[in-house]
Amino acid sequence: GTILHMDIKSKNVVIDSELNARLIDFGLAREVKEGEELQTATPVYGTEGYFPTVQHKRLTPEHDYHNFGIVIRELLTGVDPTEYEKDNNRQLRKWDSISVENSTHDRVWPKEFNTRQKIRALADKCIDSIKKEGTLKSKGICDELKDIMRTNGVKTWKGWNDQRCEICMVNEHDAKSPVAAINHKDCPGKIKICPACMRNSYFNPIKCHTCDNDIKAVIGDGWGAVLIAGYDEHEANLFKKDVTAFGDAITSTVLPTMCISKSNLVVVDCNAKSKESASSRIEKAFKILESKHVHTLVFLYSGHNCNFGFQIGRTSTQDENSEYLFFNIDELCKCIEEINGLEKVIVFLDCCYAKPLNVPDHICLIQFKAIGPHDQTKVIGAKGSIFTRYLVQAFTMKASGEKCKLQDCDCSITSDFITLGSLWDYILRHSQHDGIEKMIPYQNTKNVRWDTMFLAYNYNFKVKFCFDVRVPDANINQMIEVLPRQLTEFKALKPGILFPACFDMLTKQMNMQASVRPDVTRYADILAIEVDGGPKQTQEIDNMEKLLLAWNSKLLFRCRFRQCNEIDNGRPVGFVLKNDNIVCKILSRLNPEQHPLDIDGLEELMTALNTEEDNIKHTELVKPLKLFNDKLSALLHAAKDNKLKNRKLTINCMDVFEDGSVTLVYMELTSPEEQLDN
C-alpha cells in the first residue's frame, strides 16, 4: 500500500558517505491499502513548523507533500521552520514566494542558477497542495526533480566503492550470488543488495535507486506451487500431513524460504470429497498457475505410485474392490508443457517407483525423488514420510530452533541459500541414517545453470520473537520467547501464547498452583502488542505483516493490558483484581442483568460504588473496590467527549483461576447494532 511518512523534516533526512539522501524515522508512518479510509482513531502529532496543523486525524499524501515543500524552503533559505520571525511572528511555512526569494542564499543558490526559480516554485506547489487535495501527485514531484537534475547534470544516486548492501548498509553484497543478477540488465548503476534484504522484499518491496525499476526477488517472485496428496483409504491423513507441512514451509511469512504467495499455491487432496474428479482438479491446478503468469513451478506429490502413475482415487468410493484411478507421468509433463512462459520446474516425488520427468528443452528441471524408479518407499507409522520430513526440516529446522529428528545429529545448511547441491546432500545424508536400508533418493536435472540452482533462502540462525510481557496492576513483567513453529497465525498469538503467559506470571508471583480457566482466553483482545515508533510514539501491531516488518527492523515488542483511557471501538480494555469477590458481588447486585451502560449509567454505577466503598470498614476489601473505581473514572474521563456517543460500555468479570483468587475485569464499547446482534 501507499506509505504516508507523516513526519518529513530535515532532521529525518540523512546522507551516506557518497551524499545520497535517505529518509528515516517511520515512527508516525501509516500504510494505506487501496480503498481504505484514511482515518486514524487517535490524533497524530507531527513536528510544528512542518505540518500545516499540529495535529490531525485524517491522513492524506498532501501532508507529506507539504512537509517536503517546507524542507525545500529550508534548503533555499537556511531558516529553521520551527522558529517564528521577530517582525511578523510568521513561520517559514507561512511565507509567500517573494519572501522566500529574497531570503534565498545567493552563495549556495546563485541568482544565475537557471533552476533556482523552478525549485522555489516546486516548494510552493507542494505547500499549497494541502488546500487542493488531489491536484498534486508524487510522480509529478519526482518528474520535476528529475528534470531539474538532468538539466544540471546531477545523478540521482552515486554508488559506493565497496561491496556493502545499499539497503541495510551492513551486510555484504555478493557479486557471485543470484542476487547480483537482478532483472534490469541495462541499468547503469545497479543497486547492491544482500540476500537478507532480497529475502525481506517478499513483504518490503524494493526499487532500484538508479533506474527506478522494481526489484524482482530471485526466489519467490513469479513462483507457484501445485501440491498433491495421493489417494489411500487407510493412510490419507499421512499424505495430507506431508503436503500441508511442505505447503506451510514454502508459503511461510514468518520464515520466508521459497516465499511463494498463498494465492499461488494450489493443493489437491485426492481423498477429499468432490463432485469433480481428482484428475480434473489436478489439471485445473496447473491452469490456475498459468493464469498467474508464473515462471517457476514447484511440484510435490506424496502418495502411492506404480507403473500406471500416481494413485488418485477409485472408480467407486463405495466399493473397496473397485479399480484405482491414476494420473501418469506423461499427463503431468503435458500439464507442465502447457504453462506458457514457464522457465523452471522444481519437482519433489515422495512415492514408490518414481520415474524421471521429460520436459521441453527450454525448461530447467530439478527433480528430487524419494527413491529410484524401481524401488519402494517406506512409511514409519504416524511419523509419515522420511523424505518429506527431512525436506521440510532442511527449510525450517535451524530457524525454528528445533533439533534434528536424527538422534545426536547437529546438522544445518550454513550458506545464505539452499541450493540444488546443499539440499541434495542434506536429504541423502539423513535418509540413509534413519534406520531404513536401501532407501536411496535420486535426482534428475536438465538445463541447470549456476543461477538456477538456488532453490530457497536459508536461515542459518535461530529466529525468535521476543515480547516484553507486562501485567501493570500486578507490577510484573517477563520476556517471552516465541518461535516460528508457534506463530502459525497472528490471531492465535494473544489467546494461545501471550495471554496465558500473563497469568503464568501471576501464579508465580502469588506462589500458587492454581490452573487458568480455559474460557478466560476469549478476552485476550485486551492485550496490546506495540513497538516504539519514535520519540513518545508507539505503534500497535495488529497483523502478521506489521509484526514481521517490526521484527526485521529489530524493534522490541511489548505486550501489555490496554489502559482504561485507551478504550475505543474494537479496542477493549481490562485489568486484574486480587481477592476481589467484593467487586463482583456489588456489580451483580447493582447490574444483575449486565446491561450495557451509557454515560449516565456509568456515572450512576460509580456513585453507587463510592457509597459501597464508604460503608466497608475492612481495609483489604476496600483496596480492590478503590482500584476498580479509579479505573472506571479514567475510562469515563477518556470516553466522555465522543467515544461513548451512541455507544455503550459492557463490563464482564470472570474468575481467572478455579479458586477465585484473581478476577479479570473486561470492558468494551458496543454500538446499538452490535448490542442487537448480541
Got a sec, which pairs hit side-chain hydrogen bond (donor to acceptor under 3.5 Å, both in side chains) with one end in residues 243-262, sequence neighbours left out?
Ser261-Ser263
Steps toward side chain to side chain contact (heavy atoms under 4.5 Å, CB included) verdict (Ile371, Tyr442)
CA-CA 6 Å; Ile371 204 74; Tyr442 277 68; 5.9 Å; no
What's the spacing between [X] [atom1] and [Y] [atom2] if we round to 0.5 Å?
| X | Y | atom1 | atom2 | value |
| --- | --- | --- | --- | --- |
| Glu343 | Cys364 | CD | SG | 10.0 Å |
| Phe490 | Asn543 | CZ | CG | 6.5 Å |
| Leu289 | Leu265 | CG | CG | 8.5 Å |

Has [X] got a side-chain atom pairing as donor or acceptor with [Y]'s backbone, closer than 3.5 angstrom?
| X | Y | value |
| --- | --- | --- |
| Asn447 | Leu365 | no |
| Asn264 | Trp223 | yes |
| Gln486 | Ile497 | no |
| His5 | Ile24 | yes |
| His173 | Ile193 | yes |
| Asp350 | Tyr301 | no |
| Glu166 | Lys192 | yes |

Just jot down the ring pair (Phe, Tyr, Trp, His ring centres under 6.0 Å) partners of [X], sequence neighbours excluded, or say none.
| X | result |
| --- | --- |
| Phe348 | Phe246, Phe368 |
| Trp157 | His209 |
| Phe308 | Phe326 |
| Trp551 | Phe465 |

If the condition is salt bridge (charged side-chain N to carboxylate O under 4.0 Å, His left out), which residues does [X] pass it with, not counting sequence neighbours?
| X | answer |
| --- | --- |
| Lys355 | none |
| Lys462 | Glu481 |
| Arg314 | Glu233 |
| Lys207 | Asp214 |

For [X], does the [atom1] atom have more than 12 heavy-atom neighbours from other residues, nucleotides or ligands under 6.0 Å away?
| X | atom1 | answer |
| --- | --- | --- |
| Asp16 | CG | yes |
| Asn307 | CG | no |
| Glu323 | CD | no |

Those residues that, when tested against Thr445, pass side-chain contact (heavy atoms from CB on, under 4.5 Å) (two or more places apart):
Leu420, Gln443, Val448
Should the pair [X]-[Y] be classified as a salt bridge under the 4.0 Å nitrogen-to-oxygen rule?
| X | Y | value |
| --- | --- | --- |
| Arg558 | Asp532 | yes |
| Lys546 | Asp542 | yes |
| Asp361 | Lys446 | yes |

Tell me whether the rings of Tyr457 and Phe417 are parallel (<30°), tilted (30 to 60°) or perpendicular (>60°).
tilted
Find out whether Ile228 and Val243 are in side-chain contact, i.e. whether some heavy atom of one side chain is under 4.5 Å from a heavy atom of the other.
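Of all side-chain heavy-atom pairs linking Val243 with Ile228, none is under 4.5 Å.
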Phe395 and side chain to side chain contact (heavy atoms under 4.5 Å, CB included): which single residue from Ile250, Leu455, Asn458, Leu255 fits?
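Testing each of Ile250, Leu455, Asn458, Leu255 against Phe395, the sole residue satisfying side chain to side chain contact (heavy atoms under 4.5 Å, CB included) is Ile250.
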Could you please spell out the steps behind the side chain to side chain contact (heavy atoms under 4.5 Å, CB included) verdict for Phe467 and Leu493?
CA-CA 11 Å; Phe467 296 85; Leu493 176 60; 3.9 Å; yes
List the steps and the verdict of side chain to side chain contact (heavy atoms under 4.5 Å, CB included) for Tyr426 and Gln393.
CA-CA 10 Å; Tyr426 192 93; Gln393 179 177 289; 2.7 Å; yes
Between the side chains of Tyr459 and Arg199, does any donor sit under 3.5 Å from an acceptor?
yes
Would you please say whether a donor-acceptor pair under 3.5 Å links the side chains of Ser277 and Ser280?
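Not at all, the side chains of Ser277 and Ser280 share no donor-acceptor pair under 3.5 Å.
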N/O donor to acceptor pairs below 3.5 angstrom from side-chain atoms of residues 330-337, sequence neighbours left out:
unit_1 : atom_1 : unit_2 : atom_2 : d
Glu331 : OE1    : Asn328 : N      : 2.9

Salt bridge (charged side-chain N to carboxylate O under 4.0 Å, His left out) pairs, two or more places apart, involving residues 283-297
Glu276-Lys284, Lys287-Glu338
